[in-house]
Engineer: 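Provided herewith is a single structure, encoded as structure tokens, for subsequent inquiry.
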Amino acid sequence: MALVVMKFGGSSVADADKMKLVASKITAKKNLGNKIVAVVSAPGDTTDDLLEMADKITSNPPAREMDMLLATGEMVSISLLSMAIDALNEKVISLTGPQAGILADLDHTRSRIKKINPKKIKDLLAQNNIVIVAGFQALNRKGDFTTLGRGGSDLTAVALAAALDADFCEIYSDVDGVFTTDPRLVKEARKIDYISYDEMLEMAGSGAQVLQARSVEVAKKFGVTIHSRSTFSDKEGTYIISEEKIRRQKMEELLVSGVTFDKNQVKFTIIDLPDIPGIAANIFGALAKIGVNVDMIIQSAAVDKKNDISFTVSKNDMKKTQLELDKISPSFESARVVCDEHVAKVSVVGIGMRSNPGVAAQMFALLSKKGINIEMISTSEIKISCIVDKTDMARAVEELHKGFKLGKK
Ligand code: ADP
Ligand code: ASP
Ligand code: MG
């Protein structure tokens with residue numbers, strides 16, 4: 001008898017028919033002799049709709065109340081899904097994140113799981129229940145709801161799989177698995193059979209929405225194998241596993257495994273900053289203090305004791321960043337701040353880069369062949385990212401996907 005954690009995203013429980021399909025998939029797996037814990041997200045676009053509703057009330061909602069609001073989305077799913085399973089005459093019970101024993105830190109809207117107390121789930125499983133758990137939410141030590149950041153149900157599922165020592169962690173979505181790039185943008189995108197944690201982490205962190213980056217981090221830490229697959233077919237999906245396992249199976253090591261993009265970026269440039277020690281520490285220290293995650297940073301060479309610094313942040317942090325820069329700008333002397341929303345990030349990811357120099361040059365050549373201007377560049381051991389104009393993004397992704405020969409064979 002295996003213990004399986006199955007996670008269904010918002011697109012899989014968007015309406016009553018889909019909810020019933022998910023209920024039948026869960027019961028079918030149970031009837032094969034497995035114990036099942038199913039994690040669900042809020043139906044369809046519920047979380048976005050809730051955020052929009054809050055925005056119509058105030059531009060500065062208290063973070064605690066925001067989490068109270070967002071947590072309601074997943075509670076709609078767990079109760080309805082449990083009703084659908086009950087209608088199939090299966091023993092089932094729904095639990096909120098707090099009821100499931102998921103404990104988090106005091107941060108709101110992107111809190112981190114500190115501990116899971118799985119006793120209640122274990123007892124319910126022992127009593128032959130299918131246990132349905134609300135994704136994305138947890139309890140802090142003040143007794144309040146917190147949420148785990150967008151896409152956080154993936155994290156709930158992986159963390160539960162680790163805490164319960166589950167045999168399988170299946171993440172069901174509306175695509176067949178992890179593709180070489182978003183199949184909605186590039187028709188030639190190919191499903192990847194196996195991918196390493198590190199590559200998946202870089203892909204998720206640079207825009208591949210199919211898995212939340214933090215869930216992959218936790219899977220790597222606890223050695224949880226994730227199977228990313230479709231709710232709407234029975235095809236094998238993508239297994240996210242360790243690099244050693246990939247090497248042991250002598251799988252083909254590609255130079256580049258995937259191409260990602262992120263439209264959710266804005267670029268700030270501070271022009272004519274005084275070229276003195278402490279300026280960068282001042283700017284990025286202030287942004288870190290208010291919880292803004294800065295992605296790429298470039299600084300130009302100083303001319304006449306002045307230089308420019310450009311950096312990117314997520315669009316969600318744009319207002320916060322602007323307000324903070326206004327606040328600290330007296331220390332910039334005559335420097336000006338410019339904000340550019342017309343940018344996007346395109347990245348190529350692959351463990352093959354570690355042993356093969358020249359991928360960056362090849363990427364730049366492919367972009368230049370299409371006349372695409374690169375505004376910023378950043379690299380890690382297995383990823384190269386470029387900021388380009390938003391209108392060039394789709395062409396850039398297609399060209400890189402083709403240029404690195406990632407399409408269907
Ligand atoms: P869920 O609602 O199940 O959480 P998401 O919308 O979060 O699903 O993630 C699935 C979506 O991720 C797909 O519909 C697809 O458009 C998008 N996506 C982006 N990049 C990739 C990729 N490389 N492989 C697969 N899907 C991707
Ligand atoms: N409902 C949350 C979101 O939309 C969590 C999730 O879907 O994983 O971000
Ligand atoms: Mg998701």
Side-chain angles (χ1 to χ4, degrees), residues 45 47-67 69-70 107-111 136 146-152 182 204-209 212-214 260-273 279-300 307-332 335-347 373-378 385-394 396-397:
D45 296 328
T47 307
D48 288 329
D49 296 345
L50 292 170
L51 283 165
E52 237 173 71
M53 277 165 74
D55 197 50
K56 283 188 188 144
I57 304 273
T58 169
S59 61
N60 194 19
R64 178 189 182 276
E65 303 311 328
M66 191 53 125
D67 277 349
L69 177 69
L70 295 184
D107 276 350
H108 280 288
T109 70
R110 43 182 137 173
S111 73
F136 182 50
T146 68
T147 61
L148 306 173
R150 296 307 305 269
D182 190 339
S206 59
Q209 201 191 337
Q212 191 215 31
R214 275 170 55 198
T260 57
F261 55 89
D262 183 0
K263 285 184 275 191
N264 197 28
Q265 295 262 316
V266 284
K267 181 174 90 172
F268 280 92
T269 304
I270 314 178
I271 302 165
D272 284 346
L273 274 167
I279 282 282
N282 182 7
I283 296 168
F284 296 111
L287 294 177
K289 227 183 234 164
I290 57 164
V292 169
N293 226 333
V294 174
D295 186 7
M296 293 191 191
I297 304 175
I298 52 168
Q299 176 174 312
S300 64
N307 60 28
D308 304 340
I309 289 186
S310 296
F311 60 91
T312 58
V313 299
S314 143
K315 194 169 250 168
N316 308 332
D317 285 336
M318 186 174 81
K319 272 194 217 157
K320 243 173 145 180
T321 306
Q322 232 151 9
L323 288 174
E324 192 60 23
L325 291 177
D326 286 348
K327 211 154 78 185
I328 59 171
S329 61
S331 64
F332 301 167
R336 287 173 295 129
V337 178
V338 179
C339 173
D340 183 358
E341 290 183 62
H342 300 281
V343 294
K345 182 168 74 171
V346 292
S347 310
N373 189 38
I374 300 169
E375 298 181 25
M376 293 169 96
I377 299 166
S378 79
S385 301
C386 295
I387 293 288
V388 298
D389 193 284
K390 208 175 245 174
T391 53
D392 288 332
M393 187 197 80
V397 171

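As a basis for the values below, the full set of heavy atoms in this structure was taken, side chains included, without hydrogen atoms, waters or symmetry mates.
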Engineer: Between the side chain of T269 and the main-chain N/O of I271, is any donor-acceptor distance below 3.5 Å?
Structural biologist: no
Engineer: Please lay out, stage by stage, how K267 and D295 fare under the test salt bridge (Lys or Arg N to Asp or Glu O under 4.0 Å).
Structural biologist: CA-CA 10 Å; K267 181 174 90 172; D295 186 7; over 6 Å; no
Engineer: Which heavy atom in V343 sits nearest to a heavy atom in K390, and how many Å separate them?
Structural biologist: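 Scanning both residues, the minimum pair turns out to be O-CE, 3.4 Å.
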Engineer: Could you pull out the closest heavy-atom pair between S300 and N307, with the gap in Å?
Structural biologist: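 The answer is O-CB, 3.4 Å.
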Engineer: With no hydrogens and no angle check, do the side chains of D67 and T147 hold a donor and an acceptor under 3.5 Å apart?
Structural biologist: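 Yes, because at least one side-chain N or O of D67 sits under 3.5 Å from a partner of the opposite role on T147.
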Engineer: Apply salt bridge (Lys or Arg N to Asp or Glu O under 4.0 Å) to R110 and D317, showing your working.
Structural biologist: CA-CA 13 Å; R110 43 182 137 173; D317 285 336; 3.5 Å; yes
Engineer: Just jot down the side chain to side chain donor-acceptor pair (under 3.5 Å) partners of T47, sequence neighbours excluded, or say none.
Structural biologist: none
Engineer: Can you tell me if K263 has over 12 outside heavy atoms packed within less than 6.0 Å of its NZ?
Structural biologist: no
Engineer: Answer yes or no: is there a donor N or O on one side and an acceptor on the other, between the side chain of S385 and the main chain of S347, under 3.5 Å?
Structural biologist: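 Checking the backbone N and O of S347 against the side chain of S385, no donor-acceptor pair under 3.5 Å is found.
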Engineer: Any donor and acceptor pair, going by atom type alone, linking the side chain of T260 with main-chain N or O of A208 inside 3.5 Å?
Structural biologist: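 Absent.
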Engineer: Could you work out, with side chain to side chain donor-acceptor pair (under 3.5 Å) as the rule, every residue matching D272, not counting sequence neighbours?
Structural biologist: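 Here no residue qualifies.
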Engineer: Let me have the donor-acceptor pairs involving side chains of residues 280-293, under 3.5 Å, with sequence neighbours excluded, atom names and distances please.
Structural biologist:
unit_1	atom_1	unit_2	atom_2	d
N282	ND2	S331	OG	3.0

Engineer: Is it the case that atom NZ in K327 sees more than 12 heavy atoms from other parts of the structure closer than 6.0 Å?
Structural biologist: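 Atom NZ in K327 is not crowded, with 12 or fewer foreign heavy atoms closer than 6.0 Å.
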Engineer: Identify the heavy atoms of G152 and Q212 that sit nearest to each other, and give their distance.
Structural biologist: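 Here G152 and Q212 meet closest at CA-NE2, 3.6 Å.
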Engineer: Between R214 and L148 (side chain of the first, backbone of the second, donor and acceptor by atom type, cut-off under 3.5 Å), is there such a pair?
Structural biologist: yes
